[in-house]
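The structure appears right after this line, and notes come after that.
These values consider heavy atoms only, across backbone and side chains, with no hydrogens, waters or symmetry-generated copies. Order of listing sets the numbers, starting from 1, for every ligand and every atom in it.
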Amino acid sequence: MNQQSVTFDERYRIGRKLVDELGPAQDTEPSTFELLGLEWDLVPGTYAPKPGTGTEYYTTAIPYPQGGSFLEIGCGAGVTAVWAALHGCAHVTATDVTVTAVASAELNVERHGVADRVHVQRSDVFADLDPDAKFDAIFWNCSVIEAPKDFEFTQDFEWAIFDPGYAALGRYLAEVHDRLLPGGRALVTFNSLGDASRVAELADEKGVTLSLVDSSTRVLAGEEVTYKVFEITRP
Ligand SMILES: C[S@@+](CC[C@H](N)C(=O)[O-])C[C@H]1O[C@@H](n2cnc3c(N)ncnc32)[C@H](O)[C@@H]1O
C-alpha cells in the first residue's frame, strides 16, 4: 500500500480490523500459544503475538546488551523480555500499561525460569518507573495506529494497536535518552500500517533522529506489513 495515499480514516479502519481479528475479546480463560519454538501463557486482553506479527521478527532481530540491562516498554505477553533474559541480558525490566499484559508477562517469566533476572511492573511509558532507573538498552514495539486524541479505550487489547494522537510514542521519543546508561541504545519499532510521516514529524519535534537498523516484510491478517527497527539518537 502506498503510504502517501492512505488516509487517517483508512489506517484507523485497519486498526479496528486488527482488533477484531487478533483481539482476544472472546476468550475469557487463560490460554497458551507458541512462538519462536517456545510455549507462552496468555491472560485474556493481552496481545497474542502470532507468527506474522512483528514480535516474532523483532525479538530475534534486535541487539541485546550482553551481560547488561534491558528495558522493554509495552511488553505485552513478555516474549521479547523473556527472550532477552534467555539470550544474555543480566537484568531485564518488562513493563506495560495494561494489568492483563503485566499478568501474562509474569506468568511467562515463571514459565521460562527467568524470575531471578526479570522484573515485571505496570508503567505508562516511563512514568511509573523508579525515577533513577537507567538501562543499557531500551526497546518498544509500539502501538502503530494513530487514534483520535479523544479516543477512549474500551478493552485492554486496543492498547496494543492504537495510540491516541501518537502521544505515548511522543513521550517515549522525548524521554528515552534520559533513561539510558552511558553508551546505551534506544530502539523503537514502526510498521507500514502506521503513519510514517507523522512519526518523522514527531521525531523532529522531540529533537531526535530515527535510523533504520533492520526491516522485514510479512503478512498479518491478510495485509502485507513491513516491520522496521529504528535506533533513536539525539544530536
Ligand atoms: C504492539 S504491542 C507489543 C506487545 C509486545 N511487546 C509484543 O511484541 O508482542 C504494544 C504494547 O504496548 C503497550 N502499550 C501501549 N501504550 C502504552 C503506554 N502508554 N505505556 C506502556 N505500554 C503501552 C500495549 O499494551 C501493548 O502491550
Pairs under 3.5 Å, nitrogen or oxygen of ligand 1 with protein nitrogen or oxygen:
unit_1: ligand 1; atom_1: 6 (N); unit_2: E72; atom_2: OE2; d: 3.0
unit_1: ligand 1; atom_1: 6 (N); unit_2: G74; atom_2: O; d: 2.7
unit_1: ligand 1; atom_1: 6 (N); unit_2: C75; atom_2: O; d: 3.4
unit_1: ligand 1; atom_1: 8 (O); unit_2: T55; atom_2: OG1; d: 2.7
unit_1: ligand 1; atom_1: 8 (O); unit_2: N141; atom_2: ND2; d: 2.8
unit_1: ligand 1; atom_1: 9 (O); unit_2: T55; atom_2: OG1; d: 2.7
unit_1: ligand 1; atom_1: 12 (O); unit_2: W140; atom_2: NE1; d: 3.2
unit_1: ligand 1; atom_1: 19 (N); unit_2: D124; atom_2: OD1; d: 2.8
unit_1: ligand 1; atom_1: 20 (N); unit_2: V125; atom_2: N; d: 2.8
unit_1: ligand 1; atom_1: 22 (N); unit_2: V97; atom_2: N; d: 3.3
unit_1: ligand 1; atom_1: 25 (O); unit_2: D96; atom_2: OD1; d: 2.7
unit_1: ligand 1; atom_1: 25 (O); unit_2: D96; atom_2: OD2; d: 3.4
unit_1: ligand 1; atom_1: 27 (O); unit_2: D96; atom_2: OD2; d: 2.6

Mind checking whether [X] and [Y] have parallel, tilted or perpendicular rings, split at 30° and 60°?
X    : Y    : result
F153 : F151 : perpendicular
Y172 : W140 : perpendicular
F190 : Y166 : perpendicular

R117: salt bridge (Lys or Arg N to Asp or Glu O under 4.0 Å) partners, not counting sequence neighbours: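 By the salt bridge (Lys or Arg N to Asp or Glu O under 4.0 Å) rule, R117 matches no residue at all.
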Residues in salt bridge (Lys or Arg N to Asp or Glu O under 4.0 Å) contact with E106, at least two apart in sequence or another chain: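 Here no residue qualifies.
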Test of understanding: with side chain to side chain donor-acceptor pair (under 3.5 Å), list the residues that count as partners of H119, not counting sequence neighbours.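 Side chain to side chain donor-acceptor pair (under 3.5 Å) list for H119, sorted by chain: Q121.
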